[in-house]
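These notes concern the structure reproduced below.
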Amino acid sequence: MIPVAERINGMFSDVKKAIKDRDPTTIHQLARSQAEAGAAYLDLNVGPGIADPVESMQWLVTETQKATDTPISIDSQKMEIMKAGLEVAKGPVLINSCKSLEVLDEWAALALEYDASLVCLTIDKRGIPQDVDTRLELAAAIVGTAIEKGMETTKIFIDPILFPVNVDQKQPNYLLEVCRQITFISDPPPHIICGLSNLSQGTKERGLINRAYLTMSLAAGLDSAVIDVLDKDLMDAAITTEMLLNKQIYSDAFLKAAHG
Ligand code: THG
């Protein structure tokens with residue numbers, strides 16, 4: 001699994017305050033702790049309703065990179081914010097995300113220019129699909145367009161959009177089917193990612209719901225997720241699932257070995 005660490009997000013009050021006050025301490029701490037916990041990318045999101053999102057994203061990227069070499073995921077669907085973040089980013093960035101098939105040409109060109117990987121939501125002008133088949137249709141269209149633009153499929157992350165389970169209880173199960181079928185889209189297939197914490201928003205037992213669903217979706221073929229890497233039970237569940245799927249070697253110390 002490619003874990004994308006979710007915690008540097010202005011949705012959280014400590015991060016929101018740190019951005020507003022331009023106080024790097026919280027950002028540096030979260031960057032280091034999430035890198036140590038095994039993040040492959042650190043997701044950076046300035047959060048909703050902020051006065052200066054462009055400058056704030058540049059500040060977040062710069063400060064995060066002072067604390068760790070772990071690659072960053074720039075989390076914005078606005079071209080202006082993405083470009084500003086990319087300008088100051090070092091190394092292999094994850095662009096998170098292209099919000100619609102209609103603007104994919106422009107976003108794929110940007111990914112190519114920066115040699116970045118690109119998250120694409122399965123959305124087009126009709127909106128967010130509520131069923132399996134439209135999601136797969138869009139995933140195939142995304143991969144086709146990205147290949148045409150010259151991208152490698154291994155740099156594409158399809159996000160079929162995970163809703164809170166208390167909003168529509170059918171959706172999480174639909175997404176498992178999308179995970180299973182996405183490997184048939186191309187060879188090699190694109191990555192498949194989701195924002196795991198969306199699932200449990202507004203519920204009790206958030207940790208348990210996230211853990212159970214990560215296990216199920218990894219077994220269905222999910223290979224990346226925006227998650228709370230500081231949730232050790234969640235990371236242990238992911239490691240154990242991958243061992244049981246024969247993707248990690250079993251030893252009596254498999255958890256310790258995976259944590260390093
Ligand atoms: N797909 C992709 N990227 C994403 C998402 C996605 N990025 C953002 C988001 N969704 C994933 N990250 C989060 C981060 C936090 C929460 C949910 C998803 C979260 N936050 C608390 C809440 O809303 O209850 C904040 C409150 C608090 O604790 O302070 O749950 O889907 N590609």
Side-chain angles (χ1 to χ4, degrees), residues 1-20 26-27 30-31 33-34 37 39-50 53 57 60 64 71-78 81-82 85 93-101 103-104 107 111 116-123 127-130 135 138-139 142 155-168 171-172 174-175 178-179 182 190-211 213-214 217 222-231 234:
M1 178 185 60
I2 301 168
V4 181
E6 74 181 13
R7 194 53 179 75
I8 304 182
N9 188 321
M11 199 196 286
F12 295 97
S13 50
D14 56 346
V15 174
K16 187 182 172 130
K17 186 169 188 314
I19 295 172
K20 196 159 171 279
T26 305
I27 307 303
L30 284 171
S33 58
Q34 293 185 116
Y41 294 95
L42 300 175
D43 195 57
L44 306 182
N45 185 319
V46 295
I50 178 169
M57 181 60 86
L60 265 191
T64 301
I72 56 168
S73 156
I74 304 179
D75 190 346
S76 172
Q77 295 168 1
K78 298 218 169 82
I81 300 176
M82 187 57 64
V93 172
L94 183 63
I95 295 179
N96 183 22
S97 55
C98 172
K99 69 171 178 190
S100 174
L101 185 59
V103 294
L104 178 55
W107 285 71
S117 295
L118 177 63
V119 178
C120 298
L121 308 181
T122 57
I123 302 183
I128 304 178
Q130 305 290 315
R135 284 182 166 104
L138 280 168
I142 288 163
K155 290 203 158 174
I156 302 165
F157 288 66
I158 299 290
D159 185 334
I161 308 164
L162 184 58
F163 294 104
V165 66
N166 61 7
V167 168
D168 180 356
Q171 296 295 326
Y174 287 170
L175 250 61
V178 175
C179 290
I182 215 137
H191 296 285
I192 178 156
I193 188 169
C194 73
L196 184 71
S197 300
N198 303 357
L199 177 69
S200 60
Q201 271 176 329
T203 69
K204 310 272 183 207
E205 302 291 359
R206 289 200 71 169
L208 181 59
I209 291 173
N210 292 345
R211 209 149 64 230
Y213 192 70
L214 185 60
S217 52
L222 187 92
D223 72 346
S224 182
V226 186
I227 56 171
D228 180 8
V229 297
L230 302 177
D231 179 346
L234 181 66

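Counting starts at 1 for both ligands and their atoms, following the listed order.
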Can you report which non-hydrogen protein atom sits closest to [atom], along with the distance?
| atom | result |
| --- | --- |
| atom 20 (N) of ligand 1 | M11 SD, 3.3 Å |
| atom 4 (C) of ligand 1 | D75 OD2, 3.8 Å |
| atom 13 (C) of ligand 1 | E6 OE1, 3.7 Å |
| atom 25 (C) of ligand 1 | F12 CE2, 3.8 Å |
| atom 23 (O) of ligand 1 | Q201 NE2, 3.0 Å |
| atom 11 (C) of ligand 1 | V226 CG1, 3.7 Å |

Quick one: which ligand 1 atoms are inside 4.0 Å of a heavy atom on [X]?
| X | result |
| --- | --- |
| S197 | 16 (C), 17 (C), 18 (C) |
| N198 | 6 (C), 9 (C), 10 (N), 11 (C), 18 (C), 31 (O) |
| V119 | 32 (N) |

Next on the checklist: Check contact between L162 and ligand 1, using heavy atoms of the residue and a distance below 4.0 angstrom.
Outcome noted: no

Report yes if [X] has an N/O atom closer than 3.5 Å to an N/O atom of ligand 1; otherwise report no.
| X | value |
| --- | --- |
| S13 | no |
| N96 | yes |
| N9 | no |

Taking every non-hydrogen atom, the tightest pair across [X] and [Y]:
| X | Y | answer |
| --- | --- | --- |
| P53 | I81 | CB-CD1, 3.6 Å |
| D159 | G195 | OD2-N, 4.3 Å |
| Q130 | R135 | C-NH1, 3.7 Å |

Checklist entry - Looking only at heavy atoms, is any part of R206 under 4.0 Å from ligand 1, and if so is it the side chain, the backbone, or both, or is it neither? => result side chain

Checklist entry - Who gets closest to atom 2 (C) of ligand 1 by heavy atom: D159, I193, L94, L199? => result D159

Checklist entry - To which of S97, G195, S224, C98 does the heavy atom nearest atom 5 (C) of ligand 1 belong? => result G195

Checklist entry - Do T203 and N166 get their side chains close enough for a donor-acceptor pair, meaning under 3.5 Å? => result no

Checklist entry - Does the side chain of N9 pick up a donor-acceptor pair with the side chain of D75 at under 3.5 Å? => result no

Checklist entry - So, do M82 and V93 sit near enough that their side-chain heavy atoms are less than 4.5 Å apart? => result no

Item to check | Sidechain-backbone polar pair: E6 side chain, V4 backbone, donor-acceptor under 3.5 Å | outcome: no

Item to check | Main-chain N/O of L162 paired with Q171 side-chain donor or acceptor, under 3.5 Å | outcome: no

Checklist entry - How far apart are the C-alpha atoms of S33 and L230, what are their side-chain angles, what is the distance that settles it, and do they pass the side-chain contact (heavy atoms from CB on, under 4.5 Å) test? => result CA-CA 8 Å; S33 58; L230 302 177; 3.8 Å; yes

Item to check | Spatial distance of atom CG (L138) from atom CD1 (I161) [nearest 0.5 Å] | outcome: 8.5 Å

